[in-house]
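Here is the structure we will look at.
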Number of protein chains: 2
Amino acid sequence: MSGKRKGLGRATVHDVAKLAGVSSITVSRYFKQPDIVSPVLRERISEAVRVLDYLPNHAAGGLASTRGRIVAMVIPNISGPIFANTIQSFSDELSRYGYQLLLASSYFSIEQEERAVRAFLGWSPAALVLTSQYHSEETERLVAKATMPIVETWDYEPARKPLQVGFSHGEVGRQAVEYLHGKGYQRIAFVQNSMVGDLSALDRRDGYIAAMASYGLNPWVFVPTQADPFEAGKQAVNSLLLRKEPAEAIIFANDNLAAGGMLAGQRAGMQFPRDCAIFGFGNYAFSEMLLPSLTTIRPPAKEIGEVAAMRILQALGEIPTDEPVQHLNLLECELIVRESA
Amino acid sequence: MSGKRKGLGRATVHDVAKLAGVSSITVSRYFKQPDIVSPVLRERISEAVRVLDYLPNHAAGGLASTRGRIVAMVIPNISGPIFANTIQSFSDELSRYGYQLLLASSYFSIEQEERAVRAFLGWSPAALVLTSQYHSEETERLVAKATMPIVETWDYEPARKPLQVGFSHGEVGRQAVEYLHGKGYQRIAFVQNSMVGDLSALDRRDGYIAAMASYGLNPWVFVPTQADPFEAGKQAVNSLLLRKEPAEAIIFANDNLAAGGMLAGQRAGMQFPRDCAIFGFGNYAFSEMLLPSLTTIRPPAKEIGEVAAMRILQALGEIPTDEPVQHLNLLECELIVRESA
DNA sequence: CTCGAAAATGTTACCGGTAACATTTGGCAA
DNA sequence: TTGCCAAATGTTACCGGTAACATTTTCGAG
């Protein structure tokens, strides 16, 4: 009847303006910079907004003003114990300033990541957040061409151009070796991640290898073939401990593997750390509840989200840029010593 | 210099159209319904898109066509073991059809939920997903007025109007009692969630109470004052077991509480389930790794995400509506019997 | 009381697409 | 060859805001 194509029950700035007896732009200003609208009109507009139940249309606003209030993030996965905290803190920080989070997961696939980035750029987000420094060439190209702030998280390689907020995975590998070597262990093995595509995990392995070499020890990397982390951990324990010269300590690429390995060993009658020291990565929720509780390294997941959000808000001019604090983007992992090593 | 306000390096349909020697709408059609564009033009447009590195602007498209490809979801939290799987499967399912996920968390606060809903509606999402059936009045009003499909997840109360995909929390409480009663336990206590605002958890408690009554047993609800679930669990165990007539079995509102309680009891020299049966909810990742492993109920987190996505895609006409399958939206929880009860 | 600058408000055009309707082209029966 | 309908393509206007510039109002100094 009405002839309007859409807007069934949805008021626009124009409707509000008409009812308040002002021009549309004044209504727009009422929302963006209330202080430059006179109190009288503010009151009239406020009333009209209430009466019409007006909700601003962000898509239209973003289109007209070059600055949407969406921030897009591509993360390997949402479930799983690793990234959830980063997403959470990132989203919370942003929402405080009225930005909304557009999210997609890549499952460590650079192709899926590329697809997500492509789709996201179509929303001209205010900023784009990626995970890790490893992307497809096409992603690199798209990102290089984009004009909004880009942040890479969970890695820190200052040689690269995009802003990075994370930590050095190589350093994590080194830290684990240092700790175990300090406790007198010599035959220290490393169990790699069964998750293909997690390139940063390989950096941790490389850090391990380098550190071992620096101590004059032989690196000993086990690559599980099982996909399931529990099974993979079991496989590793069987291979590394049931032999003439068993490993004295095992660094697992993550806590899941470590837990799987430890349980398998216990079922086979071993005791930890008596028979072998167990070292994880990630500090998953269950790690402190295992028996023995798991010695591990806590990545600064939550902090990454917070700092990334902060950097973005600064780049967008929402919060003042600090005095030139350098390298605050390089975050620290925390060594958590428990019973297993 | 150029005079263009934005579009620095970003091509539009119009640019593509000019280069391909067609009109803009033809380019638009090339993306939406390629089959109605002749092969010759398709080829020319495709080439122009490649040359200009054109990316469609979804905000503009959505504005013009009433149908954005964003789906908004408000969830209590992203981290935490509960909802991550729902988000993950939901997002995955949607992205398969080119929809993107806009996400916000409410932390079980209906005020925060309302704020998120308000912001989301401004993006005119293709659909809106909420968690639980409990919202503020204003949220109810906004939702009732909205025209896009709305889905409530993690609850199932068919009396309400919005489409619901979830399970009956009351039934979960009942199921736990049934199981424990079947094993001969009489003094069965229930430890409530310390997370205020999680109203669905109270439904589980009510289900417990009703079931106890139906068996002629006295309900026995403990309300922890500690916020930290581990501490709360500890508190509960102390209160329920260190007394003349201790509980024979304890149903905890979630696995975190159960784990905390069990560890505290073990530290105090108790053995489970010998001294008391322990029953959880959630089937968190660590539950099978506890000693004894935790008997619990697995909520259909992943399934909720999948089914919710499916219903939305059906409502949007992306996938065919099945033959009238009734009640597929009521999902089943799975009783997972392990060692602790 | 007049004038001028600052503050408040309005006008116009346009952001980048697409719906609705208009027009042209193509293919085939008569 | 003509005529007619369907397929292919184009024209125009508009989605709901806001930038840029234009105009009016306010108000204190002179």
Side-chain angles (χ1 to χ4, degrees), chain A residues 2-45 48-49 52-70 121-124 147, chain B residues 2-45 49 52-70 121-125 147:
Chain A
S2 87
K4 279 199 178 177
R5 240 195 295 159
K6 56 202 275 192
L8 310 139
R10 183 88 176 261
T12 73
V13 251
H14 309 299
D15 302 328
V16 173
K18 196 184 300 176
L19 181 57
V22 300
S23 74
S24 320
I25 190 69
T26 304
V27 176
S28 176
R29 288 189 184 115
Y30 166 80
F31 284 105
K32 302 284 164 183
Q33 332 172 44
D35 42 311
I36 71 165
V37 175
S38 71
V40 193
L41 294 193
R42 268 208 297 257
E43 182 48 44
R44 295 226 304 268
I45 294 172
V49 165
L52 295 176
D53 208 15
Y54 169 73
L55 280 180
N57 180 327
H58 297 128
L63 180 58
S65 71
T66 330
R67 0 195 47 236
R69 290 188 93 79
I70 274 191
L121 288 177
W123 289 101
S124 14
T147 54
Chain B
S2 87
K4 278 201 182 178
R5 241 195 297 162
K6 55 202 272 192
L8 310 140
R10 182 89 177 260
T12 73
V13 253
H14 309 297
D15 302 327
V16 173
K18 196 185 301 176
L19 181 56
V22 299
S23 74
S24 320
I25 189 70
T26 305
V27 175
S28 176
R29 290 188 183 116
Y30 166 81
F31 284 104
K32 302 283 166 186
Q33 334 173 42
D35 43 310
I36 72 164
V37 176
S38 71
V40 193
L41 293 192
R42 269 209 296 257
E43 181 49 43
R44 294 226 303 269
I45 293 172
V49 165
L52 295 176
D53 209 12
Y54 168 73
L55 280 181
N57 180 327
H58 297 128
L63 220 209
S65 70
T66 328
R67 1 195 44 236
R69 291 186 92 78
I70 274 190
L121 288 177
W123 288 102
S124 16
T147 53

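Since the model is a prediction, treat every value here as computed from it, not as a measurement. Proteins get letters first, then strands, A, B, ... in listed order; numbering begins at 1 in each.
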Distance in angstrom units between A:L63 CG and D:dC15 C1', rounded:
9 Å
Taking distance alone, no hydrogens or angles, what donor-acceptor pairs closer than 3.5 Å link side-chain atoms of residues 21-39 of chain B to residues at least two apart or in another chain?
unit_1, atom_1, unit_2, atom_2, d
B:S23, OG, B:T26, OG1, 3.2
B:S24, OG, B:H14, ND1, 2.8

Applying side-chain hydrogen bond (donor to acceptor under 3.5 Å, both in side chains), name anything that partners B:R69, two or more places apart in sequence or on another chain.
B:E318
Please give, in whole Å, the distance from D:dC14 C1' to B:H14 NE2?
12 Å
Look at the aromatic rings of B:W123 and A:W123 and report parallel, tilted or perpendicular, splitting at 30° and 60°.
perpendicular
For B:N57 and D:dG17, what is the distance between atoms CG and P respectively, to the nearest whole Å?
16 Å
Spacing of A:R10 atom CZ relative to D:dG16 atom C1', expressed in whole Å
10 Å
The helix from C:dC1-D:dG30 to C:dA30-D:dT1: angle between its terminal axes, five pairs each, to 10°?
40°
Would you mind building the protein contact string for nucleotides 5-10 of chain C? One character per nucleotide, 5' to 3', B for base within reach (heavy atoms under 4.0 Å), S for sugar-phosphate only, - for untouched.
---SBB
Separation of C:dC14 atom C1' from B:D15 atom CG, nearest Å, is 14 Å
Touch class at under 4.0 angstrom, heavy-atom based, for B:Y30 against every strand present
nothing
Rounded distance in Å - CZ (B:F31) to P (C:dA19):
15 Å
Worked verdict on A:I45 versus A:V16 for side chain to side chain contact (heavy atoms under 4.5 Å, CB included):
CA-CA 7 Å; A:I45 294 172; A:V16 173; 4.2 Å; yes
Whole-Å gap separating C1' (C:dG16) and CG (B:L55)
13 Å
For B:L55, side chain to side chain contact (heavy atoms under 4.5 Å, CB included) partners two or more places apart
A:R118, A:L121, A:L142, B:R10
To the nearest angstrom, how far is B:Q33 atom CD from C:dG17 atom P?
17 Å
